[in-house]
Amino acid sequence: VLFRSVDGDVTDEISLYPAGYGAMYQGVIGGVININTRNPAPEKGFHGLIDANFLHAGVLMEGSVSDQHHILLSTRASYYDVVVGSIIEELQEREQTGTDIIQLPRYRDYTGRYQIDLDRGATLKFLLDGSSDQVEFLFEETAASVILDPIVAGNHRFRVAFNRQGIVYDNANSRTGQFTAGVGRIETVI
């Protein structure tokens, strides 16, 4: 199972490819969510967006370097764990549920696109993407979930980091159809 946070402001298309399994697997389900990021805006000049809310802060900048060269840069970082961390810690001490949240969910992500518009509808794109997601908690012997299933006792840490760099050539010429080719490097740390 791989999770990756993606900035909604750079998302172009989301596709779901569901899969289901029989009752013998106790209702387990799975599937793939495919998210395509959009191209940089072709308008001249640069513009941006600053986003700050209860969960995270981020910045997006995009624009055209020239008529054929476009750039998009986006980054976000969550601070939910900092904002509510002391409240959660106080509740855990007061409630004594046997579950200790060591690290509340935290994520960081970045996206970079540099696009060169070539002749006859072709483009050359340089891509950078990455994200880091993590959470950590401890189930003590007194936790309700441990009483039901002792195997879940202990420390559970989930961290997924993803980095990708690539170059994509795309030719969407209406006369010859569409041709896309790319090369890249993907690093995933689980």
Q: Could you walk me through whether Thr188 and Arg164 pass the side-chain contact (heavy atoms from CB on, under 4.5 Å) test, one step at a time?
A: CA-CA 9 Å; Thr188 303; Arg164 176 180 71 165; over 6 Å; no

Q: Verify the neighbour count for atom CD of Glu90: are there more than 12 heavy atoms of other residues, nucleotides or ligands below 6.0 Å?
A: no

Q.
Can you list, by chain and residue number, the hydrophobic cluster partners of Leu127 when the side-chain cut-off is 4.5 Å?
A. Val168

Q) So if you build clusters from Ile, Leu, Val, Met, Phe, Trp, Tyr with side-chain heavy-atom gaps below 4.5 Å, do Val84 and Tyr79 land together? A) yes

(Q) For the CD atom of Gln68 and the CD1 atom of Ile116, what is their distance to the nearest 0.5 Å? (A) 9.5 Å

Q) Near Gln178 CD, under 6.0 Å, is it more than 12 heavy atoms from other residues, nucleotides or ligands? A) yes

**Q.** Salt bridge flag under 4.0 Å for residues Asp9 and Arg38
**A.** no

N/O donor-acceptor pairs under 3.5 Å from side chains in residues 48-55, not counting sequence neighbours:
{"unit_1": "Asp51", "atom_1": "OD2", "unit_2": "His56", "atom_2": "NE2", "d": "3.0"}
{"unit_1": "Asn53", "atom_1": "OD1", "unit_2": "Leu55", "atom_2": "N", "d": "2.8"}
{"unit_1": "Asn53", "atom_1": "OD1", "unit_2": "His56", "atom_2": "N", "d": "3.0"}

Q.
Any heavy-atom pair between the side chains of Tyr114 and Leu128 that's under 4.5 Å?
A. no

**Q.** Pairing residues for Asp149 by the side-chain hydrogen bond (donor to acceptor under 3.5 Å, both in side chains) criterion, not counting sequence neighbours
**A.** none

Q | Apart from Leu138 itself, residues in the same hydrophobic cluster as defined by side-chain heavy atoms under 4.5 Å | A | Ile102

Q: Give every residue pair that meets the ring pair (Phe, Tyr, Trp, His ring centres under 6.0 Å) criterion with at least one member in residues 81-100, sequence neighbours excluded.
A: none

(Q) Restricting to side-chain hydrogen bond (donor to acceptor under 3.5 Å, both in side chains), what partner residues turn up for Arg120, sequence neighbours left out? (A) none

Q: For the pair Asn163 and Gln165, evaluate side-chain hydrogen bond (donor to acceptor under 3.5 Å, both in side chains) and give the outcome as yes or no after the intermediate values.
A: CA-CA 7 Å; Asn163 292 293; Gln165 303 86 37; 5.4 Å; no

Q. Less than 4.5 Å apart, any side-chain heavy atom of Tyr80 and any of Tyr107?
A. no

Q) Only one of Val65, Asp117, Thr123 clears side chain to side chain contact (heavy atoms under 4.5 Å, CB included) with His70; which? A) Asp117

Q. Among the clusters formed by ILVMFWY side chains lying less than 4.5 Å apart, do Phe46 and Val59 turn up in the same one?
A. no

Q.
Within this structure, what is the CG-CZ distance for the pair Leu73 and Arg113, rounded to the nearest 0.5 Å?
A. 10.0 Å

